[in-house]
Amino acid sequence: MSTPSTSLTDRTSQRMNDVLAGRIRGPRSWLVFAGPAVIASVAYMDPGNYATNIQAGAGYGYALLWVVVMANLVAMLFQALSARLGIVTGKNLAEHCRDGFSRPVVIAMWIVSEIAAMATDLAEFLGGAIGLALLFNMPLMAGMGITAIVTYALLLVENRGFRPMELLIGTLVGVIGLCYLAELFIAPIAWGEAARGAIIPQMPDLAALTISVGIIGATVMPHAIYLHSGLTQNRVEIKNDTERARVLKFSNVEVVVALAIAGMINIAMVMMAASAFHAGNPEVAEIETAYHTLTPLLGGMAAAAFLISLIASGVSSSVVGTMAGQMIMQGFIRLRIPLLIRRVVTMLPAFIVVAMGVNVTTALVASQVVLSIALPIPMIALVIFSSKRSVMGAFTIGPVLKSLAILAATVVLTLNFVLLANVAGLPIPFLSN
């Protein structure tokens with residue numbers, strides 16, 4: 001048997017080797033490899049999702065639940081491909097881009113990806129600060145200060161290895177999930193309508209299309225695609241293709257489970273908004289308004305659960321966003337800056353936005369637009385590298401999976417371009433009355 005170690009990360013690595021050697025079997029073997037997809041899943045339940053899900057539920061009831069389901073399936077596919085790239089090659093997506101493209105292209109990709117990481121952190125940081133400010137009745141700037149301190153403290157956990165961070169993020173995901181489970185018991189859900197909305201595609205009007213694009217734009221996140229490939233690379237010593245295939249199997253199961261949980265949380269957000277707001281308050285579109293409206297409708301417990309989940313979402317996703325930013329910079333240009341500097345730089349835009357008096361919801365929407373611009377880069381790059389036999393060897397994706405990835409990327413990118421054009425005021429035939 002393996003030698004005991006005092007480090008939680010070392011013990012986990014040893015157990016992984018025991019699993020691959022056949023010394024650990026059964027459910028325990030699956031749990032040993034869990035972690036990367038849990039961290040990546042945080043990107044799919046960040047404050048940007050709160051805004052779009054509230055708009056969908058308040059404005060259209062359960063009718064747009066199918067969009068959440070579709071976006072989640074696309075997310076599963078691309079996160080699985082990202083994890084696959086890291087496991088098979090031992091290199092993350094940013095590193096493959098650096099080695100596979102010309103230097104001018106790499107520099108351009110890095111700049112756009114960094115801007116996307118900062119836009120992501122803007123939404124996540126503001127979300128956590130809004131939650132703290134509303135829950136404890138403090139100024140937004142004070143909430144931002146507390147959020148900054150808490151996220152930096154949590155980021156220091158990464159110095160102790162990958163396992164403590166995975167457990168920490170997993171705990172915060174659990175908090176979000178429990179809060180929305182409580183919301184479903186408090187809010188009177190029309191389960192029949194919800195089931196129909198989840199499986200029957202419908203588009204009530206043109207405004208619903210814009211919200212649907214927003215849901216997808218807030219779900220498939222550039223930094224999560226980069227990050228997942230890095231979280232899985234070199235996590236365990238893999239000696240041959242048989243062990244590599246087994247690790248891939250564990251990874252695919254974890255992606256499905258973790259992203260399914262994230263999808264259910266998003267579905268719960270829409271259902272809560274549909275139950276609480278659609279009948280009498282369909283105009284609710286902002287996080288602050290949703291909180292103040294929830295109190296008289298469903299009681300203080302529902303409103304508190306909403307804010308606690310928002311705080312957990314903002315803090316955890318801000319931590320994960322900073323981790324992704326570090327990985328992107330190190331992968332593209334082989335540069336790693338001190339964590340404190342990285343944290344200060346990425347949160348500055350949020351402080352500037354609030355200091356200038358910009359509407360927070362407007363800032364959140366603008367951040368999603370920036371993400372929509374950056375999204376094509378990691379999606380297309382991931383499909384390219386996953387399809388190359390020179391990169392993936394025997395684990396090159398087949399024609400069916402490649403076709404699905406291309407189709408999913410085409411649909412997502414087309415819808416994101418529609419969103420950008422609509423925001424820019426460009427004429428779009430099927431969005432005009």
Side-chain angles (χ1 to χ4, degrees), residues 30-31 33-50 52-53 56 64-87 93 120 124 165-167 169-181 198-199 212 215-232 235 247-271 309 312-313 316-317 319-321 323-324 371 375 378-379 382-383 386 397 401 404-405 407-409 411-412 415:
W30 298 91
L31 291 175
F33 282 86
V38 174
I39 291 181
S41 73
V42 169
Y44 298 92
M45 53 186 105
D46 73 358
N49 293 90
Y50 277 65
T52 54
N53 290 334
L64 298 182
L65 279 174
W66 69 274
V67 179
V68 179
V69 174
M70 181 187 73
N72 207 66
L73 292 174
V74 172
M76 285 182 184
L77 173 59
F78 278 91
Q79 292 305 142
L81 290 179
S82 178
R84 185 189 191 95
L85 184 69
I87 291 169
L93 179 58
T120 300
E124 295 162 346
M165 180 61 77
E166 290 171 352
L167 293 174
I169 297 299
T171 300
L172 292 171
V173 169
V175 170
I176 301 169
L178 288 175
C179 285
Y180 267 94
L181 181 62
I199 62 176
S212 299
I215 291 173
I216 295 172
T219 300
V220 185
M221 305 289 277
H223 74 288
I225 296 176
Y226 282 116
L227 179 64
H228 205 158
S229 61
L231 294 174
T232 56
R235 195 162 175 263
V247 174
L248 276 176
K249 183 179 179 180
F250 288 131
S251 174
N252 290 336
V253 171
E254 190 206 358
V255 167
V256 171
V257 173
L259 271 295
I261 292 172
M264 286 187 285
I265 291 173
N266 279 295
I267 288 171
M269 289 184 198
V270 176
M271 290 197 298
S309 70
S313 167
S316 59
S317 56
V319 169
V320 171
M323 291 170 60
L371 292 177
L375 185 58
M379 292 185 81
L382 186 57
V383 174
S386 297
I397 59 174
L401 197 57
L404 285 174
L407 175 62
V411 170
V412 171
L415 291 175

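The first residue of the sequence shown is numbered 1, and numbering continues consecutively from there.
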Side-chain contact, heavy-atom cut-off 4.5 Å: Leu172 with Val42? no

Partners of Leu404 by side-chain contact (heavy atoms from CB on, under 4.5 Å), sequence neighbours excluded? Leu77, Val400

Apply ring pair (Phe, Tyr, Trp, His ring centres under 6.0 Å) to Tyr44 and list each qualifying residue two or more places apart in sequence or on a separate chain. none

How would you list, by chain and number, every residue that makes a side-chain contact (heavy atoms from CB on, under 4.5 Å) with Leu407, sequence neighbours excluded? Val411

Do the non-hydrogen side-chain atoms of Ser41 and Ile261 ever get within less than 4.5 Å of each other? no

Contacts of Met70 meeting side-chain contact (heavy atoms from CB on, under 4.5 Å) (sequence neighbours excluded), chain-then-number -> Trp66, Ile216

What's the shortest heavy-atom distance between Ala262 and Met45, and which atoms? CB-CE, 3.5 Å

Name all residues meeting the side-chain contact (heavy atoms from CB on, under 4.5 Å) criterion together with Ser251; count only those two or more places apart in sequence or in a different chain, and write none if there are none. Ala83, Ile87, Val255

Of all heavy-atom pairs linking Val69 and Ala198, the shortest is CG2-O, 3.8 Å

Quick one: does Met165's side chain get under 4.5 Å of Ile39's, heavy atoms only? yes

Going from OG1 on Thr171 to CD1 on Ile176, what distance comes out if it is rounded to the nearest 0.5 angstrom? 11.0 Å

Would you confirm whether Ser82, through its side chain, and Ser229, through its main-chain N or O, come within 3.5 Å as a donor-acceptor pair? yes

Do Ser316 and Val173 touch side chain to side chain, with heavy atoms closer than 4.5 Å? no

Using only atom types and a distance under 3.5 Å, with no angle test, would you say the side chain of Ser313 pairs donor to acceptor with the backbone of Ser309? no

Is a side-chain donor or acceptor of Asn72 paired with a backbone partner of Leu259 at a separation under 3.5 angstrom? yes

Test your reading of the model: is there a side-chain donor-acceptor pair from Asp46 to the backbone of Asn49, 3.5 Å cut-off? yes

Rounded to the nearest 0.5 Å, what separation is found between the CD1 atom of Ile265 and the CG atom of Asn53? 11.0 Å

Any non-hydrogen side-chain atom of Leu231 less than 4.5 Å from a side-chain atom of Leu227? yes

Minimum heavy-atom separation for Gly321 to His223, with atom names? CA-CD2, 4.0 Å

Can you tell if the side chain of Leu85 reaches within under 4.5 Å of the side chain of Leu93, non-hydrogen atoms only? yes

Parallel, tilted or perpendicular: rings of Phe250 and Phe33 (30°, 60°): parallel

Are side-chain heavy atoms of Pro222 and Met379 found at a separation under 4.5 Å? no

I need the single residue from Glu254, His228, Arg84, Met221 that forms a side-chain contact (heavy atoms from CB on, under 4.5 Å) with Gln79. Which is it? His228

Non-hydrogen atoms of Ala260 and Met76 that approach each other most closely: N-CE, 3.5 Å

How far apart are the closest heavy atoms of Gly86 and Thr232, and which atoms are they? CA-OG1, 3.6 Å

With sequence neighbours left out, write down each residue that passes ring pair (Phe, Tyr, Trp, His ring centres under 6.0 Å) with Phe78, or none if nothing qualifies. none

Straight-line distance of Leu401 CG to Leu81 CG, nearest 0.5 Å: 5.5 Å

